[in-house]
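Each remark here refers to the structure printed beneath this line.
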Amino acid sequence: MEKELLTVIVPCYNEQEVLPFFRKEILLVTEKMAKEHPCLEFEFLFIDDGSKDGTLDILRKYSAEDSRFRYISFSRNFGKEAGMLAGMEHSNGDYVVIMDADLQHPPAFLPQMYEYVSSGEYDCASTKRTSRKGEPKLLSFFSKSFYKVINKISQTHIEESTSDFRFMTRQMVDAILSMQEYNRFSKGIFSWVGFRTKYIEYENVERAAGTTTWSFWKLLLYSFEGITAFSTAPLYLAVIMGLVFLVLAIAMAVKTLICGEEMWGTPLIVTLVCLIGGIQLFCMGVMGQYLAKTYMEVKDRPKYIIGETERGTPRGESQTRRNKS
Ligand code: UDP
Ligand code: MG
């Protein structure tokens with residue numbers, strides 16, 4: 001019987017409170033799966049994203065006790081996107097699943113996800129929240145508007161209410177790893193690579209312990225990131241607004257010529273100067289955003305730096321797969 005390896009990737013940032021619960025739960029589920037499918041083996045790859053609490057100590061302990069528990073610890077906080085990337089780059093599995101440490105991505109879904117993907121019917125299984133219960137109204141409103149806007153202006157369709165809880169084949173993971181952009185917006189990347197995805201619907205669950213690191217502003221900035229990463233439509237704003245004002249200016253000039261009347265009072269001029277100045281600045285800002293993104297891409301900095309892994313501190317070896325090749 002051919003062995004199959006499933007890598008469970010868990011990005012962690014200050015998760016000391018929840019890790020013991022997570023470990024208990026994931027071991028329970030995976031042991032059951034291993035009984036049902038004797039060919040299935042597991043590796044658990046935790047990414048410590050520069051945690052300031054005892055997360056790293058806990059991960060060291062876990063890996064000392066059980067060799068299936070691996071970890072990568074970043075030299076500082078690089079963000080969840082970098083964590084997921086590092087996890088995929090260092091995973092060995094034939095299948096890979098990415099899940100949060102706080103049990104908001106219930107391990108109980110794993111057997112179902114495995115069935116969908118291993119049957120060959122799908123390449124990826126993910127979850128989709130059916131309700132936004134427990135979420136502030138304003139946040140739900142902005143979140144819904146974000147999906148509406150991005151799906152109108154981007155060619156990549158991004159499914160609403162999905163999560164980063166993804167069970168994927170190695171083929172899909174390799175496709176994702178071929179996208180080495182610096183400004184990473186996973187929801188877009190998962191869609192962009194394509195493949196057949198099954199969305200399992202579920203009710204949102206609260207964090208098991210600890211606190212979320214996502215504030216309203218962080219989410220808002222992240223949504224701008226998504227829009228600029230997957231659409232260049234905002235750049236057309238400048239062209240459209242420029243055209244509108246050109247037409248307006250011509251119409252006004254014609255009107256004055258025809259009527260021969262005195263319509264250029266100071267208030268009108270001041271208003272127009274402010275309006276046009278504002279629009280010009282706005283458009284320059286939009287262009288600046290794309291320029292800034294391009295600047296970061298051109299610099300080609302590593303997306304994360306590893307401080308330590310379960311095999312010790314990396315010395316002389318490159319950090320990412322791409323640098324290695
Ligand atoms: N996370 C991370 N780096 C960060 C912030 C969060 O690796 O800078 C991890 C965190 O430990 C958790 C997951 O990403 O496993 C989701 O974070 P969180 O629960 O704070 O977000 P929410 O569920 O509120 O969207
Ligand atoms: Mg969470």
Side-chain angles (χ1 to χ4, degrees), residues 7-26 44-59 62 69-91 96-110 126-129 131-136 138-140 142-144 146-147 158 160-167 183-187 189-190 202-223 225-226 303-309:
T7 306
V8 181
I9 297 172
V10 194
C12 306
Y13 180 55
N14 296 342
E15 299 286 13
Q16 65 173 15
E17 280 159 52
V18 88
L19 275 175
F21 296 109
F22 178 83
R23 178 167 119 131
K24 199 169 145 221
E25 189 87 15
I26 195 81
F44 306 99
L45 180 52
F46 293 83
I47 316 297
D48 165 40
D49 188 8
S51 299
K52 292 181 184 73
D53 65 355
T55 299
L56 180 57
D57 292 328
I58 296 179
L59 297 180
Y62 287 174
F69 281 77
R70 297 173 53 203
Y71 69 86
I72 292 171
S73 177
F74 288 169
S75 60
R76 64 166 169 86
N77 180 251
F78 280 88
K80 188 185 173 188
E81 289 286 347
M84 293 194 287
L85 176 71
M88 285 187 274
E89 280 181 336
H90 293 83
S91 65
V96 167
V97 61
I98 304 177
M99 54 204 302
D100 286 0
D102 57 11
L103 293 173
Q104 279 188 306
H105 296 165
F109 280 113
L110 287 184
S126 180
T127 53
K128 196 170 169 174
R129 284 181 297 169
S131 76
R132 291 186 168 271
K133 251 197 299 187
E135 193 181 78
L138 189 69
L139 194 63
S140 301
F142 271 103
S143 170
K144 283 209 168 103
F146 164 72
Y147 284 106
I158 297 175
E160 198 186 327
S161 300
T162 57
S163 60
D164 296 332
F165 187 12
R166 297 260 163 177
F167 191 111
N183 299 289
R184 299 188 78 77
F185 181 67
S186 279
K187 280 191 172 49
I189 292 177
F190 289 138
Y202 85 119
E203 281 271 329
N204 195 21
V205 284
E206 302 264 315
R207 224 172 203 284
T211 47
T212 175
T213 48
W214 289 92
S215 64
F216 176 74
W217 286 112
K218 261 194 175 173
L219 280 171
L220 194 67
L221 287 179
Y222 186 59
S223 65
E225 186 85 21
K303 287 150 210 115
Y304 55 85
I305 305 277
I306 297 175
E308 130 180 18
T309 72

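Order of appearance sets the numbers: ligands from 1, and atoms from 1 within every ligand.
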Validation row, ring centre Phe44 to ring centre Tyr62 under 6.0 Å:
no
Is the backbone of Gln104 close enough, under 3.5 Å, to the side chain of Asp102 for a donor and an acceptor to pair up by distance?
yes
Please check: side-chain N/O of Thr55 versus main-chain N/O of Glu15, any donor-acceptor pairing under 3.5 Å?
yes
Counting only N and O atoms by type, is there a donor-acceptor contact under 3.5 Å from the side chain of Asp49 to the main-chain atoms of Gly83?
no
Exam field: side chain Asn14 to backbone Ser51, donor-acceptor pair closer than 3.5 Å:
no
Heavy-atom distance under 4.5 Å between the side chains of Arg70 and Thr309, does that happen here?
no
Would you mind reporting whether Asp48 and Tyr71 have side-chain heavy atoms less than 4.5 Å apart?
no
Report the relative orientation of the aromatic rings in Phe22 and Phe46; use parallel for angles under 30°, tilted for 30 to 60°, perpendicular for over 60°.
perpendicular
Closer than 2.8 Å to the Mg ion (ligand 2), how many protein N/O/S atoms do you count?
2
Under the 3.5 angstrom rule, does the side chain of Glu81 hit a backbone N or O of Ser186 as a donor-acceptor pair?
yes
Give the protein residues with at least one non-hydrogen atom closer than 4.0 Å to an atom of ligand 1, ordered by chain and number.
Pro11, Cys12, Tyr13, Glu15, Asp49, Asn77, Gly79, Lys80, Asp100, Ala101, Asp102, Gln104, Arg207, Thr212, Thr213, Trp214
